[in-house]
Amino acid sequence: MNDNPVTTTLSAGPLLLRPWLAEDVPALIEAYRDPAMRTMLRSQVTDEATARRWLRVRQEGWESGGYFSFAVVDRDRGSEPVGNVALKLPAPGSDSAEVGYWTAAPARGRGIAPLALGAVGDWAFETFGAFAGDGLMRLDLLHQAGNEASCRVAEKCGYGFAEVLPARPPWPTDGHRHTRLRTGDLRRPSAPGRSLSPGADRRAGSAGTGSGRATRR
């Protein structure tokens, strides 16, 4: 791991996680062409201007130390990003943070999101586990209740189902909160396990910061 957060890179199997770069504009625009992904994301990219604005917000997040967005590159398939994973740090004094992700449509179903989320979660606890009193203790992943793919991703990378979040503006449907604790313990659902429809892994692969039932930023 690089000690300079603006140039931090992470590895997870074939995946390289790195800050977004100016030359990623074409890949970003192409990823946002997917209608299913656009319905899950609050931020929208439609052309070069909006793509550059999206990249500028991510760069500012790295510089401020409050929002870390990683481009996910599958080195077995090329050098262009195939997804995004982000960590949003809490306000001072909080012991929790939020993670989120999206995966471009052609890359879904290959296990990219769980692998990338696991790497960012490990990095978050290692890097920020000694701040805000006892340090970072909990990571939350939030998504819309109908996003079965995100439920599956969460469970695969150690985020146990914690609770249903009631619908509230601007979100018209209920949401789910999944949690990973620094101790490694999971918050399991009190109800029996949910049955997810076949092919859920290949649907709109996004949740958390900047998408779905995320906290406002």
When every non-hydrogen atom of Ala116 is compared with those of Val72, the smallest separation belongs to CB-CG2, 4.1 Å
Scanning both residues in full, the closest heavy-atom pair of Tyr159 with Gly121 reads OH-CA, 4.4 Å
Of all heavy-atom pairs linking Ala27 and Pro81, the shortest is CB-CD, 3.9 Å
- Query: Taking NZ, NE, NH1 and NH2 as the nitrogens, is one of them in Asp76 or Arg110 under 4.0 Å from a carboxylate oxygen of the other?
  - Reply: no
Separation between CG (Asp95) and CZ (Arg182), nearest 0.5 Å, reads 9.0 Å
Salt bridge Glu48-Arg52, side-chain N to carboxylate O under 4.0 Å
yes
Shortest non-hydrogen pair, Val25 vs Ala51, comes out as CG1-CB, 3.9 Å
**OP:** Please check if the distance between the ring centroids of Phe70 and Tyr101 is under 6.0 Å.
**Re:** no
Q. Going by heavy atoms in the side chains, are Phe128 and Leu87 under 4.5 Å from each other?
A. yes
Review point. Side chains of Arg75 and Ser11: does their closest heavy-atom pair fall under 4.5 Å?
Key: yes
Report task. For residues Thr179 and Leu141, determine if any side-chain heavy atom of one lies less than 4.5 Å from a side-chain heavy atom of the other. Result -> no
Review point. Under 3.5 Å, is there a donor-acceptor pair between the side chain of Arg38 and the main chain of Arg33?
Key: yes
Correct closest heavy-atom pair for Leu89 and Gly65 would be CD1-O, 3.2 Å
With a 4.0 Å cut-off, would you call Asp34 and Arg108 a salt bridge? yes
d(Cys157 SG, Arg152 CZ) to nearest 0.5 Å is 13.5 Å
Got a donor-acceptor contact below 3.5 angstrom from the Thr127 side chain to the Ala124 backbone?
no
Answer yes or no on whether Arg58 is positioned over the face of Trp62, meaning its NZ or CZ is under 6.0 Å from the six-membered ring centre and within 45° of the axis.
no
Closest heavy-atom pair, Ile29 versus Asp47, reported as atoms and distance to 0.1 Å, is CD1-C, 3.6 Å
- Task: Walk me through it: do Tyr32 and Thr50 pass the test side-chain hydrogen bond (donor to acceptor under 3.5 Å, both in side chains)?
- Result: CA-CA 11 Å; Tyr32 269 85; Thr50 52; over 6 Å; no
Side-chain atoms of residues 13-22: list all donor-acceptor pairs with protein atoms under 3.5 Å, sequence neighbours left out, distances to 0.1 Å.
{"unit_1": "Arg18", "atom_1": "NH1", "unit_2": "Asp24", "atom_2": "OD2", "d": "2.9"}
{"unit_1": "Arg18", "atom_1": "NH2", "unit_2": "Asp24", "atom_2": "OD1", "d": "2.9"}
{"unit_1": "Arg18", "atom_1": "NH2", "unit_2": "Asp24", "atom_2": "OD2", "d": "3.4"}
{"unit_1": "Trp20", "atom_1": "NE1", "unit_2": "Asn84", "atom_2": "OD1", "d": "2.8"}

Across all chains, not counting sequence neighbours, the side chain to side chain contact (heavy atoms under 4.5 Å, CB included) partners of Glu163 are Leu165, Arg177
